Amino acid sequence: LKMSWCWFYLPLHLLMAACLCHSIKAPTSSLQQSFKSNLFNFYHSLLLADGKETTIHLLKDIPKRYYFVLEEGRALAPFSITVTPCDVPIEWSILVHKASASLLGKVAQGEHDTQDISNTQKATSFVSTIFNYKGNSVETYMGMSSHSALYMLEFLSTERDTHITVYLTTDTTSGHLYPELPLDPRLDVVGIGHTTVTLTWKHSPSVLQHRENIQYCLLVNEKHNYKSLCAAETAIRSSGMKLPATLALSLSPYLLEPQQVMILSNSELSIINRVSSGEVRQICMGTKNTYTVPNLSPSTQYYFDVFVVNLLTNASAAYTGTFARTLEEPEPKVMELKDGKVVQVVLDGKKQKFHTLQYQARHKKVQFTFQLCRGQVRVHITKNGKTVASENILGLRYLSLKGKLLDMYLVQLRSTEESNSSVKVQVSSQFNKPLFPLLPESLKIKSFSKLRTCNSVTIAWIGTQEQSKYCVYKKRIEEDQVWTELRSTDRCSGPESRHKSEKVLCKYFYDVNLQRAVTTETIKGLDAGTLYLFDVYLIGPSGIPVRYHSKVVKTRKKC
């Protein structure tokens, strides 16, 4: 069986004379009538290429027709046609005229006569519809031809403008353009968590035969399943963004749009498309046939589609999609805050969960105190369900709120970075008995460069109007330890966490005149050309310490 296009080059008057099928009586099918009327237009018709995937654009309610000819070469030769709708459902049909090809061959060779045309006019049974379909699934028609035949494919979209892909092949022995699906192409959901879903599927025969050229790609979205990769890409584009070619799913280095995020880890490529209907994730995982989808939202329904992609031809086949709903997140445990008590909360930065504290007011005025110990923390306070405060905590923060007796306050805390954070919290209605010390205007430690020597450093810090205890500590560190030391410091820890050898001194100090509430200290006995970390702790009447910001100073090498 081979393709023949010889009739395409015929003079118009001979071609029309050979195709006077408008006088054929019967058949009554409207599609057959359409076929006969269009035989006049072969001279400008569209030819369907053999062995190549063709993209066809359809306008709403306007049929589009493609033709191809099969010549008799051997008995019962197979051919196949695969049509992939890329958006809305379409209608498509295959019609065959078994006399046309042989007749046109004779015309091309000058062997035709009036009797040939007369016989063709009588051959009404030679025009027939052999296949028709309506829908948006990928459909393949497998045919056998033992006669010379002219075939017409007619495509129609009645919903809106769209596009499809069509693949015709008369060579069914040299392999497949599309990867093969297993006999059971369903996805199985084998695990569901609050933020994860685990999927598994049977291997494609193509993966087992051509592992290096085939890979699986998973599509995750919250809207619906897609019957082809082409349909999925069209949906993402229609959401108002451009999408890289399908090869983006095949690890090709395409540039992404601003609405896209690409993540490559452990040989897996994830492309997150942020569209109006939510996120659409594309994940390619090589030839693994089990995958756990991470970072999903609790109590949310997701749709999952797996495509097996041929990296050489960029063709793909779709498994039967599935859906699953993640588990509801358990209600967070609520800790009761007691008046005047201090609690320290450790927050998991990776899980990004809220830690909730509850307090019922015993007075009209209450004061919340937050001391940031490590990391970065955001606090959100509601009173009887209404937000009264929401901000990031820096150092020591007092929030005074007014309300009514028995008002219910909920305090939600979460880490704003991936590493763990911690914070101390206190609520009190007794403003005259604060547990935390009165703070100075600044918690910075200043060093004096001109007063540095090879074995001493002079530092200064601001005090308060309240008699308080100040303790100074030093620690020798290396150049590559500076960032780690400053980053890992627990600002809520007191002098009890330090080694005795690091203590320099403790002293009491205050001044009613804040302009003069400054003290200095010269630390001696240091090594030349050495980095030191200096800390000052302010300890108030209640004994709760507040740590000044650490200061790193290097002694002079030569004096």
Side-chain angles (χ1 to χ4, degrees), residues 1-8 15 19 21 24 27 29-72 77-104 126-172 176-178 227-228 230-231 315:
L1 192 68
K2 59 182 179 179
M3 305 298 293
S4 173
W5 311 113
C6 59
W7 52 271
F8 183 75
L15 188 60
C19 300
C21 295
I24 298 176
S29 166
S30 61
L31 280 175
Q32 291 174 344
Q33 295 291 343
S34 174
F35 177 81
K36 291 189 294 179
S37 65
N38 276 279
L39 289 177
F40 283 110
N41 300 320
F42 282 163
Y43 70 95
H44 68 254
S45 64
L46 299 169
L47 310 179
L48 191 61
D50 182 16
K52 178 183 178 182
E53 191 174 58
T54 303
T55 299
I56 298 175
H57 295 272
L58 301 177
L59 300 179
K60 180 183 177 183
D61 295 330
I62 299 178
K64 203 161 193 178
R65 301 175 181 89
Y66 277 73
Y67 303 88
F68 62 95
V69 175
L70 301 180
E71 283 190 12
E72 187 174 5
F79 67 96
S80 71
I81 299 168
T82 299
V83 177
T84 304
C86 294
D87 188 9
V88 294
I90 65 161
E91 301 176 33
W92 66 281
S93 302
I94 305 175
L95 291 90
V96 61
H97 193 299
K98 295 183 179 179
S100 298
S102 58
L103 177 61
L104 289 175
F126 285 172
V127 179
S128 60
T129 300
I130 60 173
F131 181 80
N132 60 70
Y133 173 78
K134 181 177 181 180
N136 60 352
S137 294
V138 180
E139 280 293 318
T140 297
Y141 174 81
M142 302 288 292
M144 257 330 165
S145 179
S146 58
H147 303 281
S148 297
L150 172 69
Y151 291 86
M152 182 181 80
L153 280 80
E154 181 172 87
F155 306 101
L156 177 66
S157 173
T158 58
E159 290 193 21
R160 60 171 177 263
D161 296 353
T162 185
H163 71 285
I164 62 175
T165 64
V166 181
Y167 176 64
L168 163 71
T169 182
T170 57
D171 182 5
T172 59
H176 301 276
L177 172 74
Y178 299 98
K227 297 184 178 180
S228 69
C230 172

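These numbers were taken from a predicted model, which means no experiment stands behind them.
Contact between Met144 and Phe79 at its shortest, heavy atoms only, is N-CE2, 3.9 Å.
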Would you be so kind as to tabulate the donor-acceptor pairs closer than 3.5 Å made by side chains of residues 80-87, with sequence neighbours excluded?
unit_1 : atom_1 : unit_2 : atom_2 : d
Thr82  : OG1    : Thr140 : OG1    : 2.9
Asp87  : OD1    : Arg160 : NH2    : 2.9
Asp87  : OD2    : Arg160 : NE     : 3.1
Asp87  : OD2    : Arg160 : NH2    : 3.2

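Applying the side-chain contact (heavy atoms from CB on, under 4.5 Å) test to Asp161 and every residue at least two apart in sequence or in another chain returns Leu59, Lys60. In terms of the side chain to side chain donor-acceptor pair (under 3.5 Å) criterion, Thr158 has no residue partners (sequence neighbours excluded). Partners of Lys64 under the side-chain contact (heavy atoms from CB on, under 4.5 Å) rule, at least two apart in sequence or in another chain, are Leu46, Ile56, Leu58, Tyr66.
Met142 is not listed as a side-chain neighbour of Pro78, based on a closest heavy-atom distance of 4.5 Å or more.
Side chain of Asn136 to main chain of Lys227: no donor-acceptor pair is present (N/O by atom type, distance under 3.5 Å, no hydrogens or angles).
Aromatic ring centres of Tyr178 and Tyr167: separated by under 6.0 Å.
The one candidate from Asn132, Thr129, Ile130 that meets the side-chain contact (heavy atoms from CB on, under 4.5 Å) condition with Ile94 is Ile130.
Interatomic distance, CG of Leu47 versus CZ of Phe68, reported as 11.5 Å (0.5 Å rounding). Interatomic distance, Thr169 OG1 to Asp50 CG, rounded to the nearest 0.5 Å: 5.5 Å. Here the OG-CZ distance, from Ser93 to Phe155, works out to 9.0 Å after rounding to the nearest 0.5 Å. To the nearest 0.5 Å, the span separating CD1 on Ile62 from NE2 on His57 amounts to 14.5 Å. Between Asp61 atom CG and Ser157 atom OG the span is 7.5 Å, to the nearest 0.5 Å.
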Exercise for review: Take Trp92 and Val166 through the test side-chain contact (heavy atoms from CB on, under 4.5 Å) and record every step on the way to the result.
Suggested key: CA-CA 11 Å; Trp92 66 281; Val166 181; over 6 Å; no
